[in-house]
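Numbers restart at 1 for each chain; the letters A, B, ... are given by sequence-line order, proteins then strands. Quick caveat: nothing in here was measured; it's all calculated off a predicted structure.
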Protein chains: 2
Amino acid sequence: MRKIFLFMDTVVNKVDAKGRVSLPSDYRAIVKELSTEIVCYRSLSSPCIEGCLEETLDKLATDIENATDFFSETQDNLTNLIFGDAKRFVFDSTGRIVLTEKLLKHAQITDSAVFVGKGRKFQIWNPQNWEKEEARIRREALKNRPTLKAKEDA
Amino acid sequence: MRKIFLFMDTVVNKVDAKGRVSLPSDYRAIVKELSTEIVCYRSLSSPCIEGCLEETLDKLATDIENATDFFSETQDNLTNLIFGDAKRFVFDSTGRIVLTEKLLKHAQITDSAVFVGKGRKFQIWNPQNWEKEEARIRREALKNRPTLKAKEDA
DNA sequence: TTGAATCCCATAAAATACCATGTTATACCA
DNA sequence: TGGTATAACATGGTATTTTATGGGATTCAA
């Protein structure tokens, strides 16, 4: 098992009528070290799909268990929201997964999708939407230089 | 044996006159690694059925022992409520379990049920009720972005 | 013997694995 | 450095397998 797992780069792939997309080969290379499946869910904040390794979600499950009470409403709501939406996607020998209607609709994806690396996670966007979003993020970054010093959004 | 056990996704299945429901195949795949049975009980907080692996309840038993006094009323009540209500459900060769009247009634389930993944657990809802509940949770999440920072509700 | 619970079989639909091909990227050699 | 051979990849199509679910048979107990 490798020590470094980073989803990187931005690649565009076609989505066919059945919802099939090739996972970028770089991504597959990462995933294959552990399994042949990824987990995808609707982003809570953007019109896009998010993907990650199952172990990433497993870690999240453990964090939730440790941070909240077993019987709490917070734990209930969080786990319903996250795991109720997430789904395993196994890719076949040609490296494709089949995205669901729900996910495609949320991300407004029809015949083409762009994979955007995010380190431990990645996102899948409608190409036009991503173009706009990337421009927006870059503008923001120019105005307000990013910082890791304080967690303003905590 | 796999390292990661997460119940995910939301799937709707029919419930027939005998109370039979197919356990979603993804769930079965998880369960099969350990056994051929799950444990179900009435949710303490919602009109739905909760299910998990027996080992999850075993962990809960340990947590209760550690968090409360052996002679406390709290421990008494909790253990009565949960373990008094829980019951094992073995699924047959076609992957179905037969839910009891008590459970179905509590969840107001008649001819159709929706399975909602919760990570280590899952829930079974009446579809209409779940639709409303999911909408409620999403509204909440948008208002108060979830955080794992502090245990506000502990 | 009758009612209830459990198990097994059949089928249609849906999900998934496999095969084939054109294209692009990569490696190799002059 | 340029040209060619090789390999990898994305993608369209097809075949096979799973899965959900209805119905019937069998078992067990009262």
When every nucleotide of nucleotides 10-21 of chain C is labelled 5' to 3' by its protein contacts under 4.0 Å (heavy atoms), B for base, S for sugar-phosphate only, - for none, what sequence of letters results?
-------BBB--

Run the salt-bridge test on Glu55(B) and Lys59(B) with the 4.0 Å N-O cut-off and return the result as yes or no.
no

On DNA chain D, check which nucleotide each of Leu23(A) and Leu23(B) is closest to and give me the residue with the more 5' one.
Leu23(A)

What do you reckon, is CD of Glu131(B) surrounded by more than 12 foreign heavy atoms closer than 6.0 Å?
no

Is there a donor-acceptor contact under 3.5 Å from the side chain of Arg28(A) to the main chain of Leu23(A)?
yes

Between P of dG12(D) and CG of Asn13(A), the distance in whole Å:
11 Å

Rounded distance in Å - CG (Asp16(B)) to P (dA4(C))
16 Å

Classify the ring geometry between Phe7(B) and Tyr27(B) as parallel (under 30°), tilted (30 to 60°) or perpendicular (over 60°).
perpendicular

Under 3.5 Å, is there a donor-acceptor pair between the side chain of Asn80(B) and the main chain of Gly84(B)?
no

For DNA chain D, what residues of residues 101-116 of chain A have any heavy atom nearer than 4.0 Å?
none

Strictly below 4.0 Å, N to O, side chains only: are Arg136(B) and Glu73(A) in salt-bridge contact?
yes

Could you tell me whether Ser22(B) contacts a base, only the sugar-phosphate backbone, or nothing, with contacts defined as non-hydrogen atoms closer than 4.0 Å?
base

Is it the case that more than 12 heavy atoms not belonging to Arg88(B) sit under 6.0 Å from its CZ atom?
no

Between Asn129(B) and Gln108(B), do the side chains contain an N or O donor and an N or O acceptor separated by less than 3.5 Å?
yes

